[in-house]
Amino acid sequence: MLQQTQVSTVIPFYIKFIDRFQNIKHLAEASEDEVMSYWSGLGFYSRARNLHKTARIIAEQYSCKFPDTFESLIQLPGIGRSTAGAILSFCFKKKFAILDGNVKRVLTRFFGIQESISLAKTEKDLWDLSEQLLPDGDIDIYTQGIMDFGATLCTPKNPQCHSCPMNQTCIAKQNNLTEAIPVKNKTKTKEDRSTEFYIYECNKQILLVKNRTGVWSGLWIPPQKNYLGKKINLIKQGERQCVFSHYRLKYKYFLIKITNKSDLMVDGLWFDWKEIPELGLPAPIKSLLISLTN
Ligand code: SF4
């Protein structure tokens with residue numbers, strides 16, 4: 001949950017999630033719909049899909065016992081080298097390195113690395129450094145320490161160098177380079193995309209379809225096609241936008257009243273308006289639909 005998301009945002013989602021899915025078995029046995037409904041609003045939904053798939057693999061192949069080797073962990077959906085290192089270090093106290101954004105920042109600043117962290121060569125050098133620095137004992141404390149150090153002291157903006165115990169030996173600090181390091185490639189300007197959502201209402205219910213592609217895969221959304229042509233009873237329309245990490249999505253929406261559900265031959269399900277807050281919907285779509293009920 002914490003990947004690319006702040007702790008304060010995650011806490012309420014985490015509490016509800018852990019309360020419902022108290023162990024791997026509970027999560028493995030849950031439907032994708034239910035898991036997505038608990039993730040709705042947190043974004044980066046591939047994390048929820050991967051977590052669910054991973055729980056099922058661990059239930060089926062490891063009898064619900066979490067694997068404790070790097071080779072097994074790296075095979076699981078959503079677990080890369082750094083996450084595998086974090087699990088091995090925190091849960092099994094094994095000597096493995098991590099390299100998340102915080103660690104990269106601390107290492108590049110302290111050692112004065114001015115090559116772009118987007119380059120494969122820099123990434124490799126940082127992994128080598130991260131491994132060389134590992135202590136022989138208290139690996140979990142060290143790993144938590146270096147992550148927290150980057151999150152609280154060696155922060156992206158305005159690092160607290162005056163209270164940093166390493167400020168006399170830190171190359172970035174000594175050379176006034178803390179703002180310039182880590183060096184990143186220029187961020188690309190976000191691409192604009194557009195779509196339309198058709199919210200068909202019949203007898204206080206709306207039609208939703210399960211999205212199967214893109215960042216909202218596995219979530220419920222209104223159909224993106226007008227299946228009724230020009231003969232529609234349009235109640236409301238409008239335009240909104242939402243921003244993702246790589247693009248901006250502008251969308252028009254149309255609230256359409258129909259009298260016969262059978263007029264729509266669409267592979268979806270009808271839900272009561274009052275069910276919307278509990279469904280696994282993308283946050284912008286959920287807030288749009290809730291605003292239409294008021
Ligand atoms: S001196 Fe500043 S830049 Fe260097 S490691 Fe400490 S907090 Fe980070």
Side-chain angles (χ1 to χ4, degrees), residues 1 9 12-21 26-53 55-56 193-244 249-294:
M1 282 183 175
T9 308
F13 288 91
Y14 176 78
I15 290 171
K16 275 178 72 184
F17 197 89
I18 286 294
D19 191 47
R20 165 62 187 91
F21 309 111
H26 289 174
L27 186 56
E29 287 173 355
S31 68
E32 187 189 51
D33 257 6
E34 192 184 8
V35 175
M36 297 312 270
S37 75
Y38 277 80
W39 209 275
S40 175
L42 197 53
F44 297 105
Y45 294 97
S46 59
R47 297 178 297 180
R49 289 189 289 272
N50 284 335
L51 200 60
H52 191 213
K53 279 186 211 152
R56 288 190 164 172
R193 297 186 192 175
S194 61
T195 189
E196 297 179 340
F197 291 110
Y198 293 84
I199 305 155
Y200 298 102
E201 185 192 53
C202 185
N203 296 335
K204 297 191 177 145
Q205 290 195 312
I206 58 164
L207 178 68
L208 296 175
V209 293
K210 186 62 86 67
N211 193 43
R212 287 289 167 211
T213 54
V215 290
W216 288 345
S217 173
L219 296 168
W220 292 99
I221 55 169
Q224 289 168 279
K225 267 191 199 166
N226 176 4
Y227 291 95
L228 300 174
K230 287 182 181 162
K231 295 178 281 171
I232 53 170
N233 181 9
L234 189 62
I235 307 295
K236 198 169 184 178
Q237 63 177 320
E239 209 169 330
R240 291 191 174 196
Q241 68 166 11
C242 51
V243 181
F244 297 95
L249 180 68
K250 291 183 178 168
Y251 57 92
K252 291 181 180 161
Y253 64 88
F254 306 92
L255 177 59
I256 298 159
K257 203 159 202 136
I258 64 168
T259 44
N260 245 329
K261 287 180 182 171
S262 55
D263 288 349
L264 284 170
M265 301 299 285
V266 181
D267 186 17
L269 287 176
W270 291 89
F271 293 94
D272 290 344
W273 279 105
K274 61 178 187 301
E275 289 179 88
I276 298 300
E278 305 307 322
L279 291 175
L281 294 151
I285 299 297
K286 188 177 274 191
S287 80
L288 164 67
L289 295 178
I290 289 172
S291 76
L292 292 175
T293 58
N294 297 326

In a check of side-chain contact (heavy atoms from CB on, under 4.5 Å) between Leu255 and each of Ile235, Asn233, Leu234, which one passes?
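Going through the options one by one, the only one that passes is Ile235.
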If I take atom [atom1] from residue [X] and atom [atom2] from residue [Y], how far apart are they, to the nearest 0.5 angstrom?
X: Leu219; Y: Met36; atom1: CG; atom2: CE; answer: 4.0 Å
X: Asp267; Y: Lys210; atom1: CG; atom2: NZ; answer: 10.5 Å
X: Glu201; Y: Trp273; atom1: CD; atom2: CH2; answer: 5.5 Å
X: Ile285; Y: Ile221; atom1: CD1; atom2: CD1; answer: 7.0 Å
X: Leu281; Y: Leu288; atom1: CG; atom2: CG; answer: 10.0 Å

Less than 4.5 Å apart, any side-chain heavy atom of [X] and any of [Y]?
X: Ser194; Y: Leu249; answer: no
X: Leu208; Y: Leu269; answer: no
X: Ile276; Y: Lys286; answer: yes
X: Ile199; Y: Leu292; answer: yes
X: Val215; Y: Phe244; answer: yes
X: Lys274; Y: Lys204; answer: no
X: Leu289; Y: Thr293; answer: no
X: Leu42; Y: Arg47; answer: yes

For Leu51 and Val35, run side chain to side chain contact (heavy atoms under 4.5 Å, CB included): C-alpha distance rounded to whole Å, both residues' side-chain angles, the deciding distance at 0.1 Å, then the answer.
CA-CA 9 Å; Leu51 200 60; Val35 175; over 6 Å; no
Nearest heavy-atom neighbours spanning [X] and [Y]:
X: Tyr45; Y: Pro282; value: OH-CA, 3.7 Å
X: His52; Y: Ser31; value: CE1-C, 3.8 Å
X: Asp263; Y: Leu228; value: O-CD2, 4.0 Å
X: Phe13; Y: Ser40; value: CE2-O, 3.2 Å
X: Ala283; Y: Gly41; value: CB-CA, 3.6 Å
X: Pro222; Y: Phe197; value: O-CD2, 3.5 Å

Test: side chain to side chain donor-acceptor pair (under 3.5 Å). Region: residues 214-224. Which pairs qualify, not counting sequence neighbours?
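Applying side chain to side chain donor-acceptor pair (under 3.5 Å) to every pair that reaches into residues 214-224, excluding sequence neighbours, yields Asp33-Trp220, Thr195-Gln224.
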Applying side-chain contact (heavy atoms from CB on, under 4.5 Å), name anything that partners [X], two or more places apart in sequence or on another chain.
X: Lys252; value: Glu196, Glu239, Phe254
X: Glu278; value: none
X: Val266; value: Leu207, Val209, Tyr227, Leu264

After noting the C-alpha distance and the side-chain angles of Ser37 and Leu279, does the key distance pass the side chain to side chain contact (heavy atoms under 4.5 Å, CB included) rule?
CA-CA 5 Å; Ser37 75; Leu279 291 175; 5.8 Å; no
Applying side-chain hydrogen bond (donor to acceptor under 3.5 Å, both in side chains), name anything that partners Arg49, two or more places apart in sequence or on another chain.
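Once residues adjacent in sequence are excluded, Arg49 has no partner under the side-chain hydrogen bond (donor to acceptor under 3.5 Å, both in side chains) criterion.
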Side chains of Arg240 and Ser291, donor plus acceptor under 3.5 Å:
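The criterion, which ignores hydrogens and geometry beyond distance, is satisfied for Ser291 and Arg240.
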Would you check if the side chain of Asn50 reaches a backbone N or O of Ser46 as a donor-acceptor pair within less than 3.5 Å?
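Yes: the side chain of Asn50 pairs with the backbone of Ser46.
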Who are the ring-ring contact (aromatic ring centres under 6.0 Å, His included) partners of Phe21, not counting sequence neighbours?
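Applying ring-ring contact (aromatic ring centres under 6.0 Å, His included) to Phe21 gives Phe17, Tyr38.
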Taking OH in Tyr14 as the centre, count heavy atoms belonging to other residues, nucleotides or ligands within less than 6.0 Å. Is the count above 12?
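Not more than 12 within 6.0 Å, no.
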Would you find more than 12 non-hydrogen atoms of other residues, nucleotides or ligands less than 6.0 Å from Asn260 atom CG?
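Count over threshold, so yes.
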I'd like to know whether Trp270 forms a side chain to side chain contact (heavy atoms under 4.5 Å, CB included) with Tyr200, so could you lay out the CA-CA distance, the side-chain angles of the two residues, the decisive distance to 0.1 Å, and finally the verdict.
CA-CA 9 Å; Trp270 291 89; Tyr200 298 102; 4.2 Å; yes
